Amino acid sequence: MKKLTLTLVVFLLTFSSALFANEGMWFLMHIERLNQRDMQKMGLQLTPEEIYSINNHSLKDAIVQFNGGCTASIISSNGLVLTNHHCGYDKIAELSTAEQNHLKNGFWATSLEEELKPQRSYVRFFVRMDDVSNRILSQVNDSMSEKEREAVINKEIAKIQEENNEGGKYTVSVRPFYQGNEYYYFVYQDYNDVRLVGTPPESIGKYGGDTDNWEWPRHTGDFSLFRVYADKDGNPAQYSKENVPLKAKHHLPVTIDGVKENDFAMILGYPGRTNRWMPAEGIEQNVNYAYPAWVEGSKLSMDVMKKYMDESEGINLMYSSSYARIANYWKNRQGMIDALTAHKTAETKRNVEKKFNKWANKKANLERYGKVIENINNYYKLTNDRARHANYLRVLLRSSNFSVLPYRLGSGLENYANANEAQQEQLRPRLQAMIEGSYSAIYLPLEKDVFAQQLSLYTSKANYPLPELVVKVGEANNNDFTSYISSIFELSMFSSKERVAAFLEYPDIEILKNDPLYKLSGELLAKYREQPEELKQPTNDFQASFRLLVEGLRQSGLSKIKYPDANSTLRLSYGKVRALPKDPRNDAKINNYTTLKGVVAKYQPGDDEFDLPEGMVDFYNNKDYGRYANERGELPVNFLSDNDITGGNSGSPVLNGKGELIGLAFDGNIEAMAGDVIFDKKLQRTINVDIRYVLWLIDKFSNAKHIVDELTIVGN
Ligand code: ARG
C-alpha cells in the first residue's frame with residue numbers, strides 16, 4: 001500500500017503537477033497566471049485583484065507576519081489581530097506573574113486601557129512585491145566563485161532596497177528563490193505597538209500539550225488576540241499612551257456558517273522553510289546525522305528544564321516558552337526521521353537524480369550539468385560528521401542562555417571599554433537595556449545544570465574536533481562539567497546582572513578578557529561559525545551545483561514544481577476541507593472535525609496537558625453553544641484541510657471562497673512533517689481551529705462579548 005502510494009507520488013510529482021491542486025505555496029502576484037482557474041473551479045469567488053492588488057485595498061492588507069515567526073490576520077476595523085496561542089505564548093508568559101497568571105488563567109481586557117503592552121512585539125504588513133531576477137542575475141556570470149557572486153548580488157540588493165524603502169518608511173527584503181535561480185523583492189511596513197487583548201487559559205490554548213502536538217484528532221483552542229496601535233494619522237509609532245487602534249485597510253469578515261467536506265479553503269501566511277528540492281544525500285544526512293543529534297540534545301534539555309519548572313510557577317513562567325519551542329522541534333525532527341525513513345524519500349529522490357544525470361550527460365548538457373550530482377554527493381559525504389556536530393552544538397546554544405549571552409554582551413562591553421568617555425556615554429543606554437533584557441528571566445540553578453549537561457553530551461557524542469577549552473576540561477573531568485560550570489559561574493561577572501552593570505562603571509578590559517564565561521561562550525560560538533579551509537572548495541561547488549540542479553530539473557521537465565520553497569515570504573495555499581479515514585479516537589461523525597465532546601472525553605483533572613479550566617464541563621453538559629453550534633447541535637473545535645503549509649503559517653487565517661474567515665491554521669498531522677521535503681497529497685493535513693470555537697470561547701466561555709461585537713460577523 002505504502003509502496004503504491006509512493007510510486008504514485010513520484011509519478012505525479014514528476015509528470016503532472018496539475019493533478020496536485022493542493023500542493024504548492026504560491027506567490028500572490030502569480031495567482032492570476034497560475035492558479036486562478038483551478039481555484040475558481042474549486043470554489044473561489046474572489047478575483048485575483050481582490051486577493052492581491054497594489055493600488056486598491058485587497059485581502060493581503062489583512063494578513064500580517066507576527067513577531068517575525070508566525071502569521072496573523074486583522075479581524076476588525078480597530079486593528080484587532082488574531083493569531084495562535086502558541087504564537088502569542090512568549091508574550092503572554094512575559095506579561096504574567098505567579099500572582100497574575102494570564103498564561104494559566106486566561107486574560108480578557110474589558111477596555112482598550114486594560115490591554116497589555118509586552119516589551120517588544122510587532123506586526124509586518126505586506127505592501128507589494130516584484131520580480132528582480134533579470135536585474136540581479138545580469139550582474140553575475142558563470143566564472144565567478146560563489147563568494148564573488150554573493151558580493152555582487154548583495155550590492156545590487158542594497159540598491160533595490162534603497163530605491164524602494166521610501167526614505168525608511170518601508171522595510172525592503174530581496175530574497176532568492178529556486179536555489180538562487182530567481183530573485184524577488186518584498187516591501188513591508190512594520191508596526192511596533194502591539195498589545196495583548198485576550199487569551200484563553202493555557203489549558204485550552206495548548207490543550208493536549210506535547211502529547212497531542214503534531215497529531216490528529218485534535219482538540220486545541222490555539223488562539224490569542226492582540227491589537228495594533230498607530231499614531232493618530234495611522235502611521236507606525238513607538239509605544240505611547242496617545243497611540244490609537246490602527247484603522248487597517250482591510251479586515252476579514254468572519255462567518256459562522258461553518259465548514260463541510262470538500263469546501264474550498266485557502267490559507268495566506270508566511271511559511272518558514274521547506275526543502276522540496278533537497279537532494280537525496282541531503283535527506284540521508286538529516287535522517288542519519290543531523291536530526292538524531294537534534295532530537296537527543298533537545299530531549300536532554302527538556303528533561304533538565306522540566307525538573308526546575310515543576311518547582312515553582314515563577315520558574316515555569318520564565319522557561320515555558322523556550323521549553324515549548326524545543327519540544328515542538330524535538331517531536332518534529334523525530335517525526336521527520338520516521339516519516340522520511342518509512343516513505344523511503346531519499347530513494348525516491350535518488351531515482352529522480354538518476355534521470356537527471358542521464359539528461360545531464362547528453363552532449364548539449366554535459367558541460368553545464370555533468371558534475372552536478374557528483375559535486376552534491378561529494379559535499380554531503382564530506383560533511384556528515386560535521387552535520388551531527390553542528391546539531392549537538394546548535395541545541396546546546398539554543399537551550400543554554402549562558403552559552404551565548406556572555407559573548408553577546410561581552411563583545412558590546414569590549415567595545416565600550418575601548419571607547420573614549422564621550423563614546424561610552426553614548427553606548428551606555430543601549431548596553432544597560434541589553435543587560436536588563438538579558439537577565440529578566442533567568443534562573444541560575446537551571447542554567448548551570450542545562451549548560452553542564454549539554455557540554456557533557458556535546459563532548460561525548462559530537463565526534464568532531466571540539467573547541468580547545470572544552471576538550472581540556474572534558475578530559476580533566478571525565479566529561480562531567482558540573483563542578484567546572486559551578487566554579488566559573490562563581491568567578492564570572494556574567495552570572496549576575498549587578499556585576500555586569502558594575503562593569504559599565506569600571507570597565508577593565510583585562511577582567512573582561514579573562515572572564516571564564518566570556519571565553520567559553522566565545523569559543524563555542526566561534527566553533528559554530530567556523531569554516532574549515534578544506535571545505536571551502538567543496539562548499540563552493542556544492543552551492544553552485546545545487547543551483548544548477550534546480551535549474552536543470554526545471555529545464556528538463558523532470559520536475560514541474562511551479563512554486564518556490566518556503567522562506568518566510570507571503571504565500572497562498574489552496575485546497576479543501578478534507579477528512580482522513582475513520583479513526584476510533586474521533587467521536588465526530590466525519591473524521592474531518594472534532595467537537596467539545598471530544599475535548600471533555602480527553603479531560604484528566606490535574607494533568608499537565610489534559611486538564612481543563614473550571615466551568616468547561618458544565619458548559620458541555622448544558623450544551624450552551626448558542627449560534628456557534630453546528631447543524632448537529634455540537635460545538636465544533638478543530639477541522640482538517642489539505643492545504644500545503646509549514647511552520648511559520650501558524651496563526652494563518654483559513655478563508656472560504658468568499659474570503660471570509662472560517663478558522664486559523666495551527667498545526668499539521670504526523671504525516672505533514674515530512675511535507676517539508678515531500679508533499680503527500682493523500683495523508684498530509686493542516687489542522688485548524690474552527691472559528692466558531694474561537695467565537696464561543698470569547699463570547700460565552702470568557703464573557704468577552706464586547707470583542708465579538710467588534711467583528712464583522714456574517715452567515716447563519
Ligand atoms: N506544532 C505546531 C507548529 O509547529 C506548534 C504547536 C505548539 N503546541 C505545542 N504543544 N508545543 O506550528
Side-chain angles (χ1 to χ4, degrees), residues 25 65-72 82-93 103-104 199-224 267 269-274 291 294-295 298-299 301-302 305-306 309 316 319-336 338-339 398-399 566 568 571 573 594 599 602 604 607-612 637-638 640-641 643-654 663-677 684-689:
M25 302 171 175
Q65 196 180 29
F66 186 81
N67 288 336
C70 276
T71 306
L82 174 68
T83 189
N84 285 146
H85 183 267
H86 77 263
C87 294
Y89 198 94
D90 55 339
K91 305 301 164 195
I92 301 166
L103 193 63
K104 185 157 176 231
T199 172
E202 186 178 16
S203 52
I204 290 174
K206 200 184 167 181
Y207 189 61
D210 292 318
T211 302
D212 273 8
N213 190 19
W214 300 111
E215 312 255 356
W216 178 264
R218 195 64 163 277
H219 301 85
T220 311
D222 197 344
F223 81 98
S224 57
I267 294 180
Y270 284 85
R273 181 152 300 284
T274 54
Y291 293 165
W294 187 327
V295 170
S298 301
K299 186 68 172 74
S301 288
M302 287 159 63
M305 289 169 82
K306 193 86 178 74
M309 289 162 67
N316 185 51
Y319 288 95
S320 54
S321 175
S322 351
Y323 181 91
R325 190 165 5 100
I326 296 169
N328 189 35
Y329 277 93
W330 160 70
K331 194 163 178 183
N332 174 287
R333 288 327 188 213
Q334 186 57 53
M336 290 273 268
D338 298 342
R398 285 197 181 171
S399 34
S568 295
R571 305 296 176 91
S573 149
T594 57
V599 173
K602 280 180 174 174
Q604 292 174 40
D607 184 73
D608 250 15
E609 304 184 305
F610 292 95
D611 202 1
L612 281 172
V637 171
N638 293 157
L640 290 176
S641 60
N643 300 80
D644 185 2
I645 69 161
T646 189
N649 268 117
S650 282
S652 295
V654 193
L664 68 163
F666 73 99
D667 207 359
N669 60 345
I670 286 273
E671 285 78 8
M673 288 187 194
D676 284 354
V677 184
Q684 191 161 323
R685 292 292 184 279
T686 292
I687 306 176
N688 311 294
V689 194

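For ligands, and for the atoms within them, numbers begin at 1 and follow the listed sequence. Source: prediction; values computed, not measured.
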query = Which one of S650, S224, S321 satisfies the side-chain hydrogen bond (donor to acceptor under 3.5 Å, both in side chains) criterion with H86?
reply = S650
key: From K206, K602, R218, residue fulfilling side-chain hydrogen bond (donor to acceptor under 3.5 Å, both in side chains) relative to D212   = K602
ask   = Is R325 salt-bridged to D90, cutoff N-O under 4.0 Å?
value = no
message = I'd like to know whether NZ of K331 has more than 12 heavy-atom contacts from other residues, nucleotides or ligands below 6.0 angstrom.
response = yes
remark   = Residues with a heavy atom under 4.0 Å from ligand 1, by chain and number, are H86, K206, G209, D210, N213, W214, N328, S650, F666, D667
query = Is the shortest heavy-atom distance from the side chain of N328 to the side chain of W214 under 4.5 Å?
reply = yes
task = Would you tell me whether D222 and T220 have side-chain atoms, one donor and one acceptor, within less than 3.5 Å of each other?
result = no
